[in-house]
Structure formats: structure tokens, C-alpha cells
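What you see is a predicted model; the values in this text were computed from it and never measured. Labels below follow one simple rule: chain letters A, B, ... track the order of the sequence lines, proteins then strands, and each chain is numbered from 1.
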Amino acid sequence: MDASIQQQLIADLLVESFEGLDRYDHELLQIESGTAGADSLNVIFRVIHTIKGTAGCLGLSHIQRVAHTGENLLDLLRSGGISASPEMISALLKLSDALRSMLRSLEVSGSEGDADHSPLISLLDRLQEPLGAVEPLVPAPVTAPASSPVQPQAAEPAPATSASAPDAGFGFFDDEPASVPGPETLFTAPVPAPKSFPEPAAPSASPGAGAGAPAASVASGAPPSENAGRSNAEDSAIRVDVAHLDRLMNLVGELVLARNQILQKAGVVQDPTLLSTAQRLNVITTELQEGVMKTRMQPIGNVWTRFPRIVRDVSAELGKKVRLYMEGRETELDRTIIEAIKDPLIHIVRNAIDHGIESPERRAASGKPEEGALVLRAYHEGGQVIIEIADDGAGINAEKVRARALRDGRITAEQAARMPDREAFHLVFLPGLSTAEKITNVSGRGVGMDVVKTNIERIGGSIELLSELGSGTTLRIKIPLTLAIIPALIVTSGGERFAIPQVSLVELVRIDTAGEGRGIESLYGAPVYRLRERLLPLAMLDRELGIVPAEAATPGSEAGSNLIVLQADGRQFGLVVDEINDTQEIVVKPLSKIFRSLTCYAGATIMGDGRVALILDVLGLAQRASVLSDATTQAAAIDPARAASVLANREKLLLIEAGGGSRLAIPLSSVDRLEEFERSRFEWSGGRQVIQYRGGILPLVPLNRLVPNLPEPAESTDHAQVVVHSSGGRSVGILVGQVSDIVEEEGSERAAGDGSGLLGSTVIQGRVVDLFDPTGLHLSSL
Amino acid sequence: MSETRQLCTFTLGDFFFGIDVLKVQEIIRHQEMTRVPLAPEAIRGLINLRGQIVTALDLRSRLGLPPRSASLPPTNVVIHTPDGPVSLLVDEIGDVVEVDAAGLTRAPDTVRGAAHQVITGVFRLKERLLILLDTSKVVELPEPVPAS
């Protein structure tokens, strides 16, 4: 045989066999879990059979021999001679491992390798014995091809042939040189074949129950048609080089741009013929684009097929019980992205089982079901594909992570103290950091999560870790659609055009500041907008991007503004732009690596007029503008319990006019006394303002030192109003501007505060008010 | 027999620069650009090169030279980089010059600042000095400090 043909055949064998073995594992596990379809055993058999045949033809005797032994066992299973036992499933899984390792060695070194698979062969042989009467003569497996085949085998290869005709064809000759039955003759002779598979499947579903004869008779009619249908489906598929699809995709991208330009021109020229041609071009381009996109897309389920196996093996190795749930397996991803996330996903899953899910005993002790749950979830959101890997295990101990990072000198003590849990979790992505107490075979060496992160980021994705101690961990991977055409909103700000992916868009609002004070309000310099009595943090696009000097764009200074309500990371914020233009299909082009630190751009695109426009990354922009500050995290920085109680209960609040139009509310429970002092009584001690008060010295602190962005309190009057607050035996006097009222808080909508002493903000008497609580302040440091 | 190198030459102010001609993809006249807010100063913007988005880098800014006058539209020298094409904005494009590879002398250590890292060496031509730039270093910008 010509060497290059041989190589081509081997390459085909590799691709096909790896795919086949994934399918094999998947079906086998379904049989084990009792959820197998009627066709499972046939699928499994076919995979091994094809490998055997092809390997034999290419002179790969090791692979052929191992496959053959497995085939014999599978044939017995299929014909109902024996039923599947757990031991058998394990042995058959080992078979696929052995085949994979030989194939891999073939791929890498060109030879099958010299690993000794004889224990596996004898195991597989032994498993045939209990009911071994069916095939008494399986003497030397090497001589297999001639001896083994019973009729059904000959019938099976037909469907497999189609995928790659030449080698599968050769496979035939090994087995059945004379007559290759066409599909129509498939079911004439071997009555046992279609009838057989329900039997082995049934017992495995409920071990111990007898093989169901009725089941067999019910199902026996179906398989023939099913098989016939499948062979047709496989006939209609061909293999295409991915590079070829990439080229097509690029061309379609160019076509979309050309189409956009023509559409724009046609709108101006007003020529009816041009207009109708342009419309037609538009429709065809869109369809072509969708079609080509589809060819590159694969359901993520293709990667996930391997996971039940991995979960089974890893959990068995660690003595844990884990049930795997998979949601959204039909979510489609670009092929190249699927390839890139495969290994990171496997790593994360292994990690989740090893570190996340506890042993059955510990789970039982903490009142959880013994069987842990691992959920793989995939869905589209915001022009991105989100993949979540969630477990209901022990969660990450943020304290421990902090301590570990501190010990390793990765962070300073001060950083550790200030770091919210959410950020602390992300320390696990540092190379070499592991909180696992013992290193297991599976993970815990501290290498891995950093690699996972790097790999995800390499394809432009991001990874986020959420965890709650005791109840589980969720890893959320976001993968942008880099090579994609997406609908986007085109806006103008500071004279530049920007595209905003439509998927992040919630609504468009026109802010009319001419009206009664309902425009953009300010919260310590942070602009907010009241949208249906909800506080929406705002970002000014031009200011965030530094297109105009910050002073030039005072909020609400223009007669009206355009507000785009966007969603990022499950939270909403408003983006103020100069102009909203229109929506357009844009081709996302990645930005050069030089811009990698600019997280506020998702890419660039070419507009209808041939100029380049930047695509905004909504999440990156929101983070830059820090409009997504997490309410719970911020509050937790002070005192979580306290914040929760203030925010959850109706509480009396002291309202303060803090100057500059800002209002502040202090929970009355943390106010000891309200005093009014003459300013002339103020004295200085140790660089601090103090006053003699009730036989002691009371330090005084202006409110604007505790709350950022407040104006200096006016000293126009001779008297100063002071809120006296005590805790831990110490007291402090807070100089406030003007106490205006005491109200009962209604617990309405709140937005997160952004300062250290702020609990958040709320709407009281129709105005935005910030909630300030001195309880958590370190009085000694004031 | 000594080896020769072909260099694509251009000027920036009074300086005469060269880059390996094999690194050059094409030379185009001034293009309309879209600026990238927040990007490092040397990056002038993005241009549309036949459907491909190319980053334009102002060599004057990169080499710490004074900005060119507005009346002088720069020329784009598009070079190959591992990260796709990058356009270098130069004042005026010169001829392709053939030089003796052995004639390369190291830039004196007195050349300081941004320029020092990107200069491979200097060729002493008859009438002037030709400064050879390392294109891979030129496109390697120091990480911008994120404004907080």
C-alpha cells in the first residue's frame, strides 16, 4: 500500500475511532445507569467492530487483537447470551481506555506502542465464560477475523461505512470477504440481532430483576427502521477541513461588510432597481451567513459526552458519590472554542469532585444527601456563551484562601483584611496556590486552576468563581463570540462611534432634564437615575473613556441625554451617550493584543462607510465605571449582620442635610445623643478637634471625613450639630450639617453604596438618600 | 563575500530609519483612523485595511520624538507581526536601501529612553546614519497603567 494512502487511512482511523470511543463510553454508562436506548449495545458493538476491522486492514495487530476480544464479549451481550454486570461495564470501559492509549501512541509515534494488554484480554475472555457456550471457539484472538463473525456482525458495518468509505470498506473484507449485505438485506437472516439488545439493557437497569421477555418483544419491531434511518443520516454527512470553513467564514464577513455599504448607498441613491437588488443581496447574505456560521457550530454536548465517564471514574477513585446533571447540551459553540475549552472543563470537573464535593459520610453528617450533585450548564447570554460548573459541595473557605495566600506572601495582611470574599476566591487562580490539605492523584498540587484561567483567557473568555461555604461552588466561564456576526446598537459619544452588542441591551431611555428634577441625580458625585423608582447607577461613556475632560460633562448639564440601560453580570446600569444611531449587523473582529489590558472593548468592526468602530464590552465598561459594585460585598466590608438588619427591618432614620444637596440617613439606633455645641467651645488636642463633654473629652469628626465626596460642612453658624455615637466604651462626635427629620424607613429599593461607611442608598420622601452607619467604624482610628 | 540586507527606509524628523524589507507588508498613504480611547499614547487608532482592522502606531511617539505637525499627513508602513499586521506611522517613506550586513554597529549606550530598546543598530551610510529598528520590539508596548 502506498505510504501516503496508508497515512491518510491511519489519520481517518484516528479521528473516527476517537469519536467512536467517546460515543462508546457514553452509551456504556447509559447502560450502566439504566437509561440506555434500545440501540445502545449496537452502537457500542459497531464502534469496536469498526476499529477492529480498520486496524486489521492496516496491519495494526495489537489494536485489532484487543478490539477483537472486546467484540466477542459485546457480541455475547448483544445476542442476549449474557447480561451486563458492573464488572463487565468496568472491563469494557478499560477496553476503551486501552484502545485510546494505543491509538494515541499511533498518533504520536506512529506505532501502536508495546503496552501489555494481556490482562485486559484475559479479563474480557473470562467474562465471556459464565455463559460461554455461545462461542466456544475463540482460541487465539490474533486469528480472529476469520473465526469470530456470527451473522449479525456482517450486517452491522453498513452504517459505519459511510463516515469514511475506504477504510471501513477494508474492514469488511477482514470479516466477510464474500457478501456485503446491502441495507435491505440487513434483517433477513439474523433474527436474534434486533431482538437481542433490550434484554441486556433491561437487567442492568434494575439489577437482580429477570430479563424481561415482554420488553424484548415490544422493542423488536423498532430497531430495523431506526438503523436504516441512521445509515441514511450518516451517508449525508461529509468531513470538511476546518481551515476551509474558516476561510469561508472570513469571506462571508467581508460580504456582510460589502452588503452594509451597498445598503447604505442604496438608501441614498434612491434608485428602485438598486434598492430591490440591494434588498435581495441583503436577504441572501443573511442566509448565507447563517448557513456558514452553522457549519462551524457544534453543540457543547459533544465535549460533554466524555464527562459522565470522567465523573464516574474520578468519584469512584475518591470514594465519593456524585450525580452529574447536564443542562443545555444543545448550546452551540464555535468549533475552535469547543476544542479550546475541552481540557479546562475536564480539569474543573475533576477539581469539583475532588475539592468541592465531600465524602458521603461528611455529607450525611452535614445533613446533605450522600450523593453530591455536579451540574454542567451552558447557555447564551449577552452575546457570550456561559458555561457553569456548579457543585453542592463544601464551598471554598475564603478565610483559608486568604491565610494561604498571606502565608505564601501573595498578598499583604492589609490586602487580606480588606479583600471581600468574592475576590478572595479568585486567589485560587494564582499559580501554585492550593488549599487542599492533601495532594491526591486527582488534584491539589496547585497547578491547574491558573492554567485553566490562562486557557480560557487565551480565547478571550473570562472565569468567575462564586462560592458559599457549606453549600457549594459555582465556576462561571464566559466565552465571547470572537468570530461572529452580531446585531449591535450604534451610538455616538464624544464624536466617536461605538457598537454595543444588542444582547446586553435592556432598554433605551430619553432623559429630559427640562422636567421637574427627575433627571440625573448625584450621589457623592456618582450619577444615578431613578428608573421606575429603582436606582440605576450611571456611567457617562465619554467620561469613562476620557474622550472629554471630566469637568466638561457634568451630569444633567445638557438639555437632555440618551440613556442606554444595559445588563452585565446579572445587574443593570445606565450608560449615557450623546446620540443613539441605529442597530446594525456587525462583524466582530478581534483587537490586537496590544489592547488586551483595555477590558472595555470587545473588539472592533467596520461600518458601512468603511470606517472602524470599537465594540464596547459592557461588563468591562461597567467594571471600569464601577457601577456594578456588589451591594452585599460592600456592606459586608463594614458589618454584614448590622447592614442586613438595618436594611431588612423598618428602622427609624435620622435625616441629615449634608450640604451640596446631598442627604444622608443614619439609623437612629446607632445615634446615642444629638447635641448642639457652640463652635467656640471646640479645642484642638493631638491634631484633632475635641470638645469637653460630660466630664470627658469627646473627639469630633466632620462627616465628610467618614463619607467620601461630601462637601465641607458649612461653618456659617455659631452652633454645630453633632451626632454622638458610642461603641466599645468609646464615643465620637460626628459633625453633621443640619439634622432635618426623623423618618421611618420603608425598606424600598436600594443601590449599593460606594464608600466605606455607607450601607447603600434608598429613596426617602421622593429623594435619594444614602444610608450611613457609624457602627462599624473603628473609633480608635478616628 | 559579505551578505547584504535590504532595508525599507523612512524618515522621522531629522532621523533616517530602516526596517528589514521582508517585514514590510505594504506601504499606504494616510488613512482615516478611529482612535481608541484609553489606549497607550503611541497608538493612534485603527484603520480599515481592505476589511482587516489594523492598529496604527505612531513611531514618533513610540521613539519619544516630538509630535509631527498637523500639516504633514503620515504614511503607513504596514509590517507583519505575529499578532497580525501593524501599521507604523512615519513622516516620509524613502527608498529600499541595500546595506552590507557586516556594517551594523551597535547603537551607542548614550542613546537613551524609549528609542534604546527598539534600535538594533546603526549603519553608517555615505551621507547619513541609517538606524535599524527591531520591528518586534517596536510593537511591544509597555503595559499601560490602568487609570483607577
_Quick one, B/Asn48 and A/Arg611 - any side-chain contact, counting heavy atoms below 4.5 Å?_
no
_How close do A/Ile606 and B/Gln52 get, counting heavy atoms only, and between which atoms?_
CD1-N, 4.2 Å
*For atom CD of B/Glu26, decide whether the heavy atoms of other residues, nucleotides or ligands shown that lie under 6.0 angstrom number more than 12.*
yes
*Step by step, would you call B/Val36 with A/Leu591 a side chain to side chain contact (heavy atoms under 4.5 Å, CB included)?*
CA-CA 11 Å; B/Val36 182; A/Leu591 281 175; 5.7 Å; no
*Name the option with the most non-hydrogen atom pairs under 4.5 Å to chain A; the candidates are B/Gly45, B/Pro37, B/Gly84.*
B/Pro37
*Determine whether A/Val612 and B/Glu32 make a side-chain contact, defined as any pair of heavy atoms from C-beta on separated by less than 4.5 Å.*
no
*How long is the span from the CG atom in A/Leu598 to the CD1 atom in B/Ile43, to the nearest 0.5 Å?*
7.5 Å
*pair A/Phe595-B/Leu46: side-chain heavy atoms closer than 4.5 Å*: yes
*Sort A/Thr605 into side chain, backbone, both or neither according to what part of it lies under 4.5 angstrom from a heavy atom of chain B.*
backbone
_Within 6.0 Å of CG in A/Asp582, more than 12 heavy atoms from elsewhere_ = yes
*asked:* I'd like to know whether A/Arg624 forms a side chain to side chain contact (heavy atoms under 4.5 Å, CB included) with B/Leu38, so could you lay out the CA-CA distance, the side-chain angles of the two residues, the decisive distance to 0.1 Å, and finally the verdict.
replied: CA-CA 11 Å; A/Arg624 184 179 171 80; B/Leu38 308 177; 3.4 Å; yes
_With rounding to the nearest 0.5 angstrom, report the OG to CD1 distance, A/Ser592 to B/Ile53._
11.0 Å
*asked:* Taking atom CD as the centre, does B/Glu98 end up with more than 12 heavy-atom neighbours from other residues, nucleotides or ligands that are less than 6.0 angstrom away?
replied: yes
*If you measure from CD1 on A/Ile547 to CZ on B/Arg35, what distance do you get to the nearest 0.5 Å?*
6.0 Å
